[in-house]
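All values reported here derive from a predicted model rather than from experimental measurement.
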Amino acid sequence: PHFIVNAMMAIQSFIYKQDPDEASKYLFSFMKLLRSILEGSRAEYVKLDKEIEFLKNYLDLQLLRFSGKFHHTIVIDSKIDTENTFVPPMMAQPFLENAIEHGIKNLKGVEGEIVVRFAAKNEMITLEIEDNGIGREKSNEIKKLETEKHLSVATNITRERLANLNKKAKRKISMNIFDLKNEWNEPRGTKVTFNFPDNLRIHQN
């Protein structure tokens with residue numbers, strides 16, 4: 001919901017600035033992404049290559065809003081067959097949104113960086129979302145000062161999704177969130193990790 005509202009506000013902003021070309025480009029990208037969201041919402045698992053394409057489109061769309069504010073990289077382990085590996089859809093997106101909206105947007109004098117990694121290890125597929133934003137603690141302090149407080153529900157919704165998926169799974173899917181620190185023990189971003197059983201090479205109708 002937050003992403004859709006923010007996307008519509010961005011389109012509105014382009015219109016107010018009388019920039020029809022940017023508004024048209026953003027609207028087309030948004031429509032394409034929204035279609036992927038609606039299609040993915042009907043499936044418990046999607047092909048990994050489709051999920052990677054979705055994440056690329058999402059991050060590119062956010063760059064239209066935050067031009068020059070951050071760059072992103074998606075790293076895929078060569079051992080992973082992305083066309084025959086399935087993962088739950090849109091697990092990463094809420095945390096990418098949090099990284100951009102609450103971590104990177106508030107960076108001062110530093111370009112934001114987001115790295116998404118897919119790795120294969122010990123019969124598991126690991127997904128990592130790492131950013132160099134201001135961190136959760138500082139972000140929460142800023143939220144408390146805002147007139148309209150923002151309640152982030154990404155973590156709770158994701159945990160509910162995992163609980164439902166794990167009811168049917170023999171090998172459980174796990175999620176962890178880490179507050180990253182620099183050598184002076186100061187916040188230097190956040191990392192979210194998911195571990196999916198590599199036996200999710202299943203066929204979807």
Hits for side chain to side chain contact (heavy atoms under 4.5 Å, CB included) against Phe28, two or more places apart or cross-chain, chain-then-number order -> none

How many angstroms lie between atom CD1 of Ile80 and atom OG1 of Thr85, to the nearest 0.5 angstrom?
6.5 Å

By side chain to side chain contact (heavy atoms under 4.5 Å, CB included) - contacts of Val115 (at least two apart)
Val75, Glu113, Arg117

Measure across Ala43 and Pro89 and return the closest heavy-atom pair with its distance rounded to 0.1 Å.
O-CG, 3.5 Å

Is there a side-chain contact (heavy atoms from CB on, under 4.5 Å) between Gln93 and Glu97? Walk through the geometry before answering.
CA-CA 6 Å; Gln93 185 274 332; Glu97 183 173 347; 3.0 Å; yes

Under the side-chain contact (heavy atoms from CB on, under 4.5 Å) rule, what do Tyr45 and Leu165 come out as? Steps first, then yes or no, please.
CA-CA 10 Å; Tyr45 298 96; Leu165 289 170; 3.9 Å; yes

I'd like to know if Glu22 pairs up with Lys25 as an ion pair, taking the criterion as any Lys NZ or Arg NE/NH1/NH2 lying under 4.0 Å from an Asp or Glu carboxylate oxygen.
yes

Any Lys69 side-chain heavy atom under 4.5 Å of Glu111 side chain
no

Is there a donor-acceptor pair closer than 3.5 Å between any side-chain N or O of Ser13 and the backbone N or O of Met9?
no

Tyr58 versus Gln62, side-chain donor and acceptor atoms under 3.5 Å
yes

Asp77 bridged to Lys79 by N-O distance under 4.0 Å:
yes

If you define the side chain from C-beta out and look only at heavy atoms, does anything of Phe70 sit under 4.5 Å from Ile114?
yes

Report yes if the side chains of Glu101 and Phe66 come closer than 4.5 Å at any heavy-atom pair, otherwise no.
yes

Taking atom CG of Leu64 and atom CG of Leu27, what is their separation to the nearest 0.5 Å?
11.5 Å

Hits for side chain to side chain contact (heavy atoms under 4.5 Å, CB included) against Ser24, two or more places apart or cross-chain, chain-then-number order -> none

Going from CG on Asn98 to CD1 on Ile104, what distance comes out if it is rounded to the nearest 0.5 angstrom?
11.5 Å

Quick one: closest heavy-atom pair of Met91 and Pro88, and the distance?
CE-CB, 3.7 Å

Are Val110 and Asn132 packed together at the side-chain level, in the sense that at least one heavy-atom pair is separated by less than 4.5 angstrom?
yes

Does the side chain of Met175 come within less than 4.5 Å of Phe95's, by heavy atoms?
yes

Got a sec: does the NZ of Lys181 have more than 12 other heavy atoms crowding it under 6.0 Å?
yes

Classify the side-chain pair Asn57/Asp60 by whether it contains a donor and acceptor separated by less than 3.5 Å.
no

Starting from the C-alpha separation in whole Å, work towards a yes-or-no answer on side-chain contact (heavy atoms from CB on, under 4.5 Å) for Asn195 and Ile125.
CA-CA 6 Å; Asn195 287 294; Ile125 300 294; over 6 Å; no

Atom pair CZ (Arg159) and CG (Asn166), whose distance is rounded to the nearest 0.5 Å:
11.5 Å

Pair Arg171-Glu123, side-chain contact (heavy atoms from CB on, under 4.5 Å): steps then yes or no
CA-CA 11 Å; Arg171 300 182 65 191; Glu123 297 185 344; 3.6 Å; yes

Count the heavy atoms belonging to other residues, nucleotides or ligands that lie under 6.0 Å from CD of Glu186, then report whether that count exceeds 12.
yes

Is the number of heavy atoms from other residues, nucleotides or ligands within 6.0 Å of NZ (Lys172) greater than 12?
yes

If you define the side chain from C-beta out and look only at heavy atoms, does anything of Pro197 sit under 4.5 Å from Ile173?
yes

Can you check whether Leu127 reaches Val87 side chain to side chain, under 4.5 Å on heavy atoms?
no

Can a salt bridge be assigned to the pair Arg161 and Glu44 using a cut-off of 4.0 Å between side-chain N and carboxylate O?
no

Phe196 vs Phe194 aromatic rings, parallel, tilted or perpendicular, using cut-offs 30° and 60°?
parallel

Any side-chain heavy-atom pair from Leu63 and Leu59 closer than 4.5 angstrom?
no

